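Predicted model, so just to flag it, every value in this text is computed and none were measured. Each chain gets a letter, A, B and so on, in the order the sequences are listed, and its residues count up from 1. Side chains included, hydrogens not; waters and symmetry mates left out as well; all remaining heavy atoms used.
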Protein chains: 2
Amino acid sequence: MKDILDTPVKMPAHETIYRALREKILFGELVPGQAVTIQGLVNELAVSMTPVREAIRTLTAEGALELQGNRRVCVPIIGERRFSELGFARLSIEPELAKRAALNMTPDDIEDLMRIDVELNKAIDSGDIHGYMKQNWLFHFTLYGHADSKVLQPLAESLWLRYGPLSRIVSGQYGTRNLVDLHDEALSALRDSDNAGVGDAIRGDIQQGLDIVRESQCW
Amino acid sequence: MKDILDTPVKMPAHETIYRALREKILFGELVPGQAVTIQGLVNELAVSMTPVREAIRTLTAEGALELQGNRRVCVPIIGERRFSELGFARLSIEPELAKRAALNMTPDDIEDLMRIDVELNKAIDSGDIHGYMKQNWLFHFTLYGHADSKVLQPLAESLWLRYGPLSRIVSGQYGTRNLVDLHDEALSALRDSDNAGVGDAIRGDIQQGLDIVRESQCW
DNA sequence: CAATCCAATATTTGATCAAATTATTTTTCA
DNA sequence: TGAAAAATAATTTGATCAAATATTGGATTG
């Protein structure tokens, strides 16, 4: 019989490597165009090739990395065309995910989200770009997590992996001062159990972010 | 300097393995719940572990395979909940993809699609389920291919990888006799350069398929 | 029924080979 | 002779394999 405490204390190396790389991409530590070499990671992380290869394969399948013809991989460069697709997909998936999440959330869950929003605003006020990136991600995905979705959530994660580096560039250019979001509207709708309203707030939040990136013309 | 003929004659082993497995899942040769072991593939395909691991990682990231807690992998079992998500995502992505594809298609491209539709109908008439699965996939994805989409198309492929096994089960239960589609409507809209109409036809086609699977209650 | 052992399987490593990039040298032509 | 192009060598990187290690699930046994 399985124990209730089902926490696997030991994580496979490929999983560890995957998470480390993923974080770097998601929060913009790796810039678009930057090469990611297997051997480089082998040396940097003191592990063997196979788990590194697996981590890279996973990230590549998720769109976070891209195979260049010559069997090299790099962080993809997003042009206007792909940005448009990314925006369409995010607007199609994430509001629905938020709506489905709202359906399942308890007052405690909402408080968790409020705490994250507080941290987020602190990061904005202090100009901490990495903190902003992280808390913003955390806000969206602790929300989405409550949808208990095995299909839509991975899709959203894949889209954020591609959006992250772009967003990081824009934040780096303009700082965090004039960043705004519709998280308060989302939280307010959550408290009112207005599920559709949560979806609408998230849609607005995404649209706002997309507009900022589009205006910055970083391609 | 590089030659104009840049055709890589040799494909990496992990790519070959990936494609073979992918086909089997896509066209229902592997049924939901079926286990996929690394060693099994090593013996079956007479290759080494590393490329097999990579192929499995890629398919897992695409949702075509699923990690069971105990580091085993199997073809995922789709329940009602996930089916609903799958349907929502397909309806959100694929009509848009079709619309964008229509924008770029020449009369020759449309003829290619008509030829595929002829083959598809032959497969239906002869009760060839595998042929039906393959030609139906081919119809949708040669269409989608013209959208030249690096974001939406991979999403659609990922969704089909999960939809395939389900669709195969239903076809196996009821045969190909009463299968219908809206491909003629799509082709007709294509000939009229009615891009939105192409999207609508594909939406209808997908909805029809979803309804059939839902009615069959295969969970 | 629980603890322990065993077989099957997954994970990781280090080594080897092949391909691609970069650096260097040689050749060619004005 | 000098500069650009071509060829070649050296280095880096990727792909594959086979062996060693670790984990899991089930059988065995007390």
J.: For B/Asn43 and D/dC17, give me the distance from atom CG to atom C1', rounded to whole Å.
T.: 14 Å
J.: Between B/Gln207 and B/Asp211, do the side chains contain an N or O donor and an N or O acceptor separated by less than 3.5 Å?
T.: yes
J.: Looking only at the side chain of A/Asn70 (C-beta and beyond, no hydrogens), which of the listed nucleotides C/dT11, C/dA20, C/dA15 gets closest?
T.: C/dA20
J.: Using whole Å, what does the distance between atom P of nucleotide C/dT12 and atom CD1 of A/Ile38 come to?
T.: 15 Å
J.: Which nucleotide in the set C/dT11, C/dG14, C/dA20 lies at the smallest distance from any side-chain heavy atom of A/Thr50?
T.: C/dG14
J.: What base-paired stems does DNA chain D take part in, with at least 3 consecutive Watson-Crick or G-U wobble pairs and both distances under 3.5 Å?
T.: C:1-30 with D:1-30
J.: Of all the nucleotides listed (D/dG14, D/dA18, C/dT11), which has the minimum atom distance to the side chain of B/Ser48?
T.: D/dA18
J.: Rounded to whole Å, how long is the line connecting atom CD of B/Gln39 with atom C1' of D/dT24?
T.: 13 Å
J.: So, is A/Arg71 near the phosphate of C/dA19, with a side-chain N or O under 4.0 Å from OP1 or OP2?
T.: no
J.: Any luck finding a side-chain donor-acceptor pair between A/Ser158 and A/Glu62 under 3.5 Å?
T.: no
J.: Between D/dT16 atom C1' and A/Met49 atom CE, what is the distance in whole Å?
T.: 10 Å
J.: Could you check how far CD of A/Glu15 sits from C1' of C/dT11, rounded to whole Å?
T.: 13 Å
J.: Looking only at side-chain atoms of B/Arg72, point me to the closest of D/dG14, D/dT23, D/dG25.
T.: D/dG25
J.: Write down the distance between CD (B/Gln68) and C1' (D/dT24), rounded to a whole number of angstrom.
T.: 13 Å
J.: Can a donor-acceptor pair be found between the side chains of B/Arg53 and B/His14 at a distance below 3.5 Å?
T.: no
J.: What is the separation between atom CZ on A/Arg53 and atom C1' on D/dC17, rounded to the nearest whole Å?
T.: 12 Å
J.: Can you sort out the partners of A/Lys134 under side chain to side chain donor-acceptor pair (under 3.5 Å), two or more places apart, ordered by chain and number?
T.: none
J.: Between B/Val73 and A/Pro51, who's closer to the 5' end of DNA chain C by nearest nucleotide?
T.: B/Val73
J.: Would you call the rings of B/Trp137 and B/Phe141 parallel, tilted or perpendicular if under 30° counts as parallel and over 60° as perpendicular?
T.: parallel
J.: Take the protein atom CZ of B/Arg57 and the nucleotide atom C1' of D/dT16, then report the distance between them rounded to whole Å.
T.: 18 Å
J.: Angle class for the B/His183/B/Phe139 ring planes (parallel below 30°, perpendicular above 60°, tilted otherwise)?
T.: parallel
J.: For the residue pair B/Trp160 and B/His140, categorise the inter-ring angle as parallel (less than 30°), tilted (30 to 60°) or perpendicular (more than 60°).
T.: tilted
